[in-house]
Amino acid sequence: MAELRQRKSAPDKSKVPSSSTSVEVDGRAWTRRQQKEDSPLLLLAAPLIILFHVALVAFSVTRIYSTPPVLPENASPDVFSEARALSTVKDLTETIGYRLVSTKGVDEAHQYMLHQTRQLAAQAKKRGGISAEVEEQRVSGGVNLEYFHAPIGSLYQGLGNVMLRLEPTGQQAVGNTTVLLNAHYDSTLGSPADCASCVAVLLEIARVLVSDPTIQLPGPMLFLFNGGEESLMQAAHGFVHSGHRWVNDIGVFINLEATGSGGPDTLFQHTAGWTAQTYAAAAKYPRGSVFLQDVFEAGFIPSDTDYRMFSAATGQLGQWPGLDIAHILDSASYHTKQDNLERLRPGILQAMGENTMAAMLALSQRLASGPAPSSTPSKAKSVFFDVAGYFMVTYPMDIASMIHLAPLVLMLLVLTTMTKGTGQTVSKLLPIGKQAGLSAASFLCAITIPAVTGALRSGLSGNPMAYYSSPPLQYTIYLPISLAATALPYALSRSPSQAHLKKGQRPLQTALLGFALVISAVAGLAVALGMGSGYLFAAWGVCAIVAAGFVSVVQQPLIALLGSMVLALPAQLLCLPLSLSLLIHCVGKANMAGAAPVAQTLAVLAALSLFCFITCVLASCAPTAYSDTMPKRVVLQHHNRHDAAGTILATRWTVAAVDSVPIDRALRNINLTSLPQWTTPGSNTPAVSMAFVLAFMQTFFPLGAILQTVHFEAPPPQVPHKGPLTTVKVIKETNRGSVRHLEVEMQLPAAGWGVMNITSAGLKAWSFTETVTFAAQPVYPKSETMQHMLRFACNQGYDKWNFWLEVDANQPEIWLDVAASLLEPSDAIREFVSHLPSWASEVPATTYQSSWKF
């Protein structure tokens, strides 16, 4: 590599003006005058770099939001049509509406799915070459889960599943291993659409298969439309463990989900590397990254899908390899009333349909071509990522380890070569080490300073999330301070040009090598942690090393600067969305201003910071952080405590915020005293108020402890029927040595969701699951004894629960605290909702709380 060294001989004063400093670079002299001649070229680089990244951002946004042409409703029956699929979405979201487990809507959706699949089965008979069967299930059971990092039992009764199985007949039949395709037709609290789009996609795919006789199915296809995902994946669990005759034939699955209404359909989890490889080869518009799977597996996203119940990688729950695919954009509408038909972005169902159908047929062909591929843990994961949505790259994790470590090994070889035989190891490596430290500091500043700025703005203004309803405002607040924070370590460090001239090295080359050292080390750390997302950092490491080699042989500063930027393009294309790419890119390019005065650089950073400060002040003056298109989720609970006879003891409204804006601030412009209220004797005491706080924590366990709530008086509840509300009684008790065996019957007021907290130091076993769960901490204090939390859900006609408990006979008592939540909206809830602003998306329930001692 070329070296920059100070001329050792004394300058000839007769030839060199006293105002110039002479240095020798590869045999030629540079003076300050010559450096000034290069300055216009370097200044020209600034707008070119800006234009380059603006174009790159524009290209990335275009690719992220690109969709295929939408085929109309009258399109040929042998192709997937989004317009036909949208008619199903309309039926589910508008004709039926909310489809929560326990409500009339979910039963109507179940009947609708039965009708649609039976029509498809009848159409398959006319086609020939394919057989079709439709069956329905009502599943009941229980499973132990870890929900938001808290152990909990999940119980269910009477949840519905509708299944359509298509199988080739005659000479068309190749294999007998089934591909399972799953989507859930239930919705959640306050959200009419949810996964209706996924259900519509699968129905349209099934319609294409039964309409086109030219499509040869390699093997059976099982379409599962389950009616209980939002209640903690219960219907899928019931299907897997139902013992149904079709379960044992399944060889692979595809699960479709939606965490937003903006698309694109993105592969974000998989089990067994061959599934991702098959999807990558088959999908027409592949999207996805193993980075998302790493984030999920690390527990950073407290969410889950039916994938957990199917996948062989999730312990004892599932048993198959498969794919998890979801729409991920426009998450502001996710689980709100804005999640509706109109919000669906045109083209996203067309893309999901074409991708899923191609992947389904390819997976079936893979299963039919030979022995079932392995899904053992050693082959449970591959690295996968798309390149701007054009194609997808996949390779196994064992190969990934070598690929992702290669930049670090290469970097060490470069450093060894630079210092070998020179006797100047310290002087050569020290500048690179300094630049590595600056790169690391730049990363940390880019993350921490904007975060601290946001926290200070929220704390000082008392108006958190003031930017929420305006995405451009979010960028205006945080992008300038992020850029300033990224450049800050370089601005505060010693002038790079002069420092490196004295050390005998080029500043740009040294900066790139320092950056490469840091980013390659991060890629190695990802390998050590078993994370596939190290490909992102490895790509940056390779690009930086190649750029450093390019700079070492190029004499023209402008060409060196622009060339290194172009050489970083492959890494930038992998780091979509480009906002992250731009910040990472700035880390390696922040010191390319040469010997610009530190004072001028700090002035630019101060200007950016001042602009951010002014924007933060203006944003904090906004009256609300929300809008009709960017709503606030508001948990609304009509909470009632009653005794064993069904007498209401006290009632309260409990209103909770899901985000960081306290609910009392969000609703500060609402006259809560105008709402109808009702007070029972003694219900205003501090003890009663604290009891409601604790009861809410239990009802929404484990989220209740972190939600910000307000409680105030409420009108009396509309009792679903005459007589007692929730009742719990022991119908039979027997002693079996040192164990009390209690057979218990629990009757709910009506079908609904709820939580049961069993408090006992001696609980040994129960009928719900094979093992007993324990709460991580006390939720509803009765004593210092252990608490066992169970969430339950049931459909109409399944509101009576029979179970048994076994406890230590030496324990004097056992407590059952029950919170039964009815999700059909009452008149009182409708009246309350009418007072909420249009930007509030309510999550309503009427809850009946009771305690029972045995």
Side-chain angles (χ1 to χ4, degrees), residues 65-73 75 80-100 105-106 108-110 112-113 116-117 162 164 181-188 190-208 223-230 236 254-268 283-285 287-288 303 305-307 323-360:
Y65 286 96
S66 66
T67 56
V70 175
L71 297 185
E73 196 166 358
F80 183 97
S81 165
E82 176 175 307
R84 287 191 289 257
L86 286 176
S87 64
T88 298
V89 179
K90 183 176 181 180
D91 290 340
L92 289 173
T93 61
E94 297 182 357
T95 303
I96 297 176
Y98 294 105
R99 305 173 307 283
L100 292 81
V106 78
E108 291 176 6
H110 183 89
Y112 174 84
M113 299 308 303
Q116 294 294 319
T117 52
V162 175
L164 168 66
L181 300 105
N182 176 76
H184 67 93
Y185 60 78
D186 66 308
S187 66
T188 192
S191 177
D194 203 85
C195 202
S197 59
C198 307
V199 171
V201 165
L202 292 189
L203 272 180
E204 174 63 8
I205 290 175
R207 189 207 57 73
V208 172
F223 295 83
L224 172 63
F225 304 99
N226 84 73
E229 192 272 346
E230 297 297 346
I254 299 177
N255 179 59
L256 299 187
E257 256 295 352
T259 61
S261 53
D265 54 305
T266 303
L267 174 63
F268 68 101
K284 298 176 67 174
Y285 319 102
R287 309 275 187 178
S303 183
T305 71
D306 286 327
Y307 171 90
L323 306 170
D324 206 5
I325 302 169
H327 289 143
I328 61 173
L329 296 183
D330 192 16
S331 57
S333 65
Y334 175 61
H335 284 185
T336 73
K337 63 183 181 182
Q338 295 296 337
D339 186 13
N340 50 39
L341 177 62
E342 289 73 23
R343 193 93 172 203
L344 285 174
R345 189 163 61 88
I348 64 171
L349 299 194
Q350 189 71 43
M352 176 179 269
E354 294 183 23
N355 283 340
T356 303
M357 187 161 66
M360 171 195 71

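The two residues Asn182 and Leu202 make their nearest non-hydrogen contact at C-CD1, 3.7 Å. Closest approach of Val70 to Ala83, counting heavy atoms only: CG1-N, 4.4 Å. The nearest pair of heavy atoms linking Glu229 to Thr305 is OE2-CA, 3.6 Å. Residues Tyr112 and Asp91 come closest through the heavy atom pair OH-OD2, 2.8 Å. Counting all heavy atoms, side chain and backbone alike, Cys195 lies closest to Leu256 at SG-O, 3.7 Å. Closest of all the heavy-atom pairs between Val89 and Ala196 is CG2-O, 3.9 Å.
Under the 3.5 Å distance criterion, the side-chain polar atoms of Ser87 are left unmatched by any main-chain donor or acceptor of Ala85. A distance-only check finds no donor-acceptor pair linking the side chain of Ser191 to the backbone of Ser187 [under 3.5 Å]. A side-chain donor-acceptor contact under 3.5 Å links Arg345 to the backbone of Tyr65. Listed for the Asp324 side chain is no donor-acceptor partner under 3.5 Å among the backbone atoms of Phe268. Arg287 places no side-chain N or O within 3.5 Å of a backbone atom of Leu267 that could act as its donor or acceptor partner. Checking side-chain atoms of Thr95 against main-chain N and O of Leu92 turns up no donor-acceptor pair under 3.5 Å. Listed for the Thr336 side chain is a donor-acceptor partner under 3.5 Å among the backbone atoms of Ser333. For Asp186 (side chain) and Glu230 (main-chain N/O), a donor-acceptor pair under 3.5 Å exists by modelled atom type.
Counting heavy atoms from C-beta on, the side chains of Pro264 and Tyr285 never come closer than 4.5 Å. Counting only heavy atoms from C-beta outward, the side chains of Phe80 and Thr356 never approach each other to under 4.5 Å. The shortest distance between side-chain heavy atoms of Ile325 and Asn255 does not fall below 4.5 Å.
The structure places CG of Asn226 at 4.5 Å from CG of Asp306, a figure rounded to the nearest 0.5 Å. Distance check, rounded to the nearest 0.5 Å: CZ of Arg99 to OH of Tyr185 gives 10.5 Å. Of the inter-residue distances, the one linking Thr88 atom OG1 with Leu203 atom CG reads 5.0 Å to the nearest 0.5 angstrom. Taking OG from Ser261 and CD from Gln338, the interatomic distance works out to 9.5 Å, rounded to the nearest 0.5 Å. Between atom OG1 of residue Thr67 and atom CD of residue Glu82 there is a gap of 7.5 Å, rounded to the nearest 0.5 Å. To the nearest 0.5 Å, atoms CE (Met352) and OG1 (Thr266) are separated by 8.5 Å.
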Checklist entry - When you look at Phe225 and Thr117, which way does the side chain to side chain contact (heavy atoms under 4.5 Å, CB included) test go after all the steps? => result CA-CA 10 Å; Phe225 304 99; Thr117 52; 3.8 Å; yes
Item to check | From CA spacing to verdict: side chain to side chain donor-acceptor pair (under 3.5 Å), Asp194, Thr188 | outcome: CA-CA 7 Å; Asp194 203 85; Thr188 192; 5.6 Å; no
Checklist entry - Which is it for Tyr334 and Asp339 under the side chain to side chain donor-acceptor pair (under 3.5 Å) test, yes or no, and what are the steps along the way? => result CA-CA 6 Å; Tyr334 175 61; Asp339 186 13; over 6 Å; no
Item to check | Verdict with supporting geometry, Thr93 and Asn340, side chain to side chain donor-acceptor pair (under 3.5 Å) | outcome: CA-CA 7 Å; Thr93 61; Asn340 50 39; over 6 Å; no
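Residues satisfying the salt bridge (charged side-chain N to carboxylate O under 4.0 Å, His left out) criterion with Lys284, sequence neighbours excluded, are Glu354.
The closest side-chain donor-acceptor pair between Thr259 and Ser331, if any, does not fall under 3.5 angstrom. Using modelled atom types and a 3.5 Å distance limit, the side chains of His327 and Glu257 yield no donor-acceptor pair.
Among pairs with a residue in residues 196-208, those fulfilling salt bridge (charged side-chain N to carboxylate O under 4.0 Å, His left out) read Arg84-Glu204, Glu204-Arg207, at least two apart in sequence or across chains.
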